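Please read these numbers as outputs of a predicted model, since none were measured by experiment.
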Amino acid sequence: MIVYSSLKHLGNQLLLPAQVDITKPQTILPAIEGADAVISLVGILTGTEKQFIELQEKGGQNVAQAAKDAGVKRVVMVSALGIDGGETP
């Protein structure tokens with residue numbers, strides 16, 4: 001919320017953060033309509049390979065497709081590494 005507070009002076013140029021289920025594509029588009037940019041902060045640190053693929057790969061694809069469909073000009077995606085079982089080299 002620190003970033004939001006510092007950008008609040010932009011008024012209606014700034015959409016409020018939205019919480020959506022990126023594994024359900026139909027929930028994404030309503031949250032990003034009218035946006036010039038989307039920042040997706042999604043990631044899990046532990047889970048099964050299936051969960052990683054569902055959330056991070058397919059979910060990321062869903063966000064990208066929704067952004068394309070909405071005419072969003074820029075997408076920033078932040079995720080997490082961890083599919084290696086938590087072992088750090």
What is the distance from atom CD of Q19 to atom CG of L41, rounded to the nearest 0.5 Å?
11.5 Å
In a table with atom names and distances, give each donor-acceptor pair under 3.5 Å that connects a side chain of residues 22-32 to protein atoms at least two apart or in another chain.
unit_1: T23; atom_1: OG1; unit_2: D21; atom_2: OD1; d: 2.4
unit_1: T23; atom_1: OG1; unit_2: D21; atom_2: OD2; d: 3.4
unit_1: T27; atom_1: OG1; unit_2: D21; atom_2: N; d: 3.4
unit_1: T27; atom_1: OG1; unit_2: D21; atom_2: O; d: 2.8
unit_1: T27; atom_1: OG1; unit_2: K24; atom_2: O; d: 2.8

Do E49 and I53 come within less than 4.5 Å of each other through their side chains, counting heavy atoms only?
yes
The criterion is side-chain hydrogen bond (donor to acceptor under 3.5 Å, both in side chains); which residues satisfy it with Q65, sequence neighbours excluded?
D69
Can a donor-acceptor pair be found, under 3.5 Å and without considering hydrogens, that links the side chain of Q56 to the backbone of I44?
yes
State, with a plain yes or no, whether a side-chain heavy atom of D36 is found less than 4.5 Å away from one of R74.
no
Are the side chains of M77 and V63 in touch, meaning some heavy atoms are under 4.5 Å apart?
yes
